[in-house]
Trainee: 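Pasting in a structure now, in structure tokens, and then I'll have a few things to ask.
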Amino acid sequence: QAQLVESGGGAVQAGGSLRLSCVASGRTFSTYAMGWFRQSPGKDREFVGSIVWSGAYTYYADSVKGRFTISRDNAKNTVFLQMNNLKPEDTAVYYCVAAAAYRRGAYYTRESQYDYWGPGTQVTVSS
């Protein structure tokens with residue numbers, strides 16, 4: 001099974017940018033889809049973005065569309081989240097996730113559709 005480790009979090013001013021990375025140490029067949037969730041204190045985890053193995057399909061939460069871009073480098077077993085024009089409401093712990101198998105009709109926007117979770121990386125955006 002896959003082991004996921006995030007990096008790239010930090011503190012930035014509103015309007016700034018960060019690029020998160022997540023490396024999967026397991027076999028690539030165990031990461032058919034990868035994505036990102038985030039969680040702020042006192043709130044439920046929410047979907048941020050996802051991408052399938054081929055990169056042909058990507059999905060984003062409405063709150064980040066046009067600002068965040070998800071991509072992956074399968075040769076390096078890595079998924080990225082480029083975050084531009086950051087806002088204070090983007091402050092959260094960001095979690096990398098991976099789905100081990102294809103799910104027919106899935107958009108990979110639900111927690112239940114993923115099998116593996118990273119430990120998270122903190123992103124703090126100051127106003």
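Everything numeric here is computed off the predicted structure, so don't read it as measured data.
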Trainee: Would you find a donor on one side and an acceptor on the other, under 3.5 Å apart, between the side chain of Y60 and the backbone of I70?
Mentor: yes

Trainee: Among T31, N77, T78, find the one that has a side-chain contact (heavy atoms from CB on, under 4.5 Å) with R72.
Mentor: T31

Trainee: Is there any ring pair (Phe, Tyr, Trp, His ring centres under 6.0 Å) pair reaching into residues 79-106, and which pairs are they, with sequence neighbours excluded?
Mentor: Y32-Y102

Trainee: May I ask you to decide if T91's main-chain N or O and S40's side chain share a donor-acceptor pair within less than 3.5 Å?
Mentor: yes

Trainee: So do the side chains of V79 and W36 get within less than 4.5 Å of each other, counting heavy atoms only?
Mentor: yes

Trainee: What are the two closest non-hydrogen atoms of Y116 and A100, and how far apart are they?
Mentor: CE1-CB, 3.9 Å

Trainee: Which side-chain N or O atoms in residues 14-24 pair as donor and acceptor under 3.5 Å with protein atoms at least two apart or in another chain?
Mentor:
residue : atom : partner : partner atom : Å
S17     : OG   : N84     : OD1          : 3.0

Trainee: Can you tell me which residue pairs pass the salt bridge (charged side-chain N to carboxylate O under 4.0 Å, His left out) test with a partner in residues 74-92, sequence neighbours excluded?
Mentor: R38-D90, R67-D90

Trainee: How would you list, by chain and number, every residue that makes a salt bridge (charged side-chain N to carboxylate O under 4.0 Å, His left out) with R103, sequence neighbours excluded?
Mentor: D115

Trainee: Using the side-chain hydrogen bond (donor to acceptor under 3.5 Å, both in side chains) rule, collect all pairs that involve residues 3-15, keeping only residues at least two apart or in two chains.
Mentor: none

Trainee: Holding to salt bridge (charged side-chain N to carboxylate O under 4.0 Å, His left out), I want the full list of residues that pass it with D44, two or more places apart in sequence or in another chain.
Mentor: none

Trainee: Nearest 0.5 angstrom please: R110 CZ to F37 CZ, how far?
Mentor: 10.5 Å

Trainee: Do the side chains of L4 and M34 get nearer than 4.5 Å, heavy atoms only?
Mentor: yes

Trainee: Enter the distance from Y57:OH to Y107:OH here, rounded to the nearest 0.5 Å.
Mentor: 10.0 Å

Trainee: Quick one: does any side-chain atom of Q82 pair with a main-chain N or O of T69 as donor and acceptor, under 3.5 Å?
Mentor: no

Trainee: With side chain to side chain contact (heavy atoms under 4.5 Å, CB included) as the criterion, how do V5 and S25 come out once you've worked through the C-alpha distance, each side chain's angles and the decisive distance to 0.1 Å?
Mentor: CA-CA 8 Å; V5 180; S25 61; over 6 Å; no

Trainee: Show the numbers, then the answer: is there a side chain to side chain contact (heavy atoms under 4.5 Å, CB included) between L86 and F68?
Mentor: CA-CA 9 Å; L86 284 161; F68 291 10; 3.9 Å; yes

Trainee: Under 30°, 30 to 60°, or over 60°: which ring-plane class applies to W117 and Y114, parallel, tilted or perpendicular?
Mentor: perpendicular

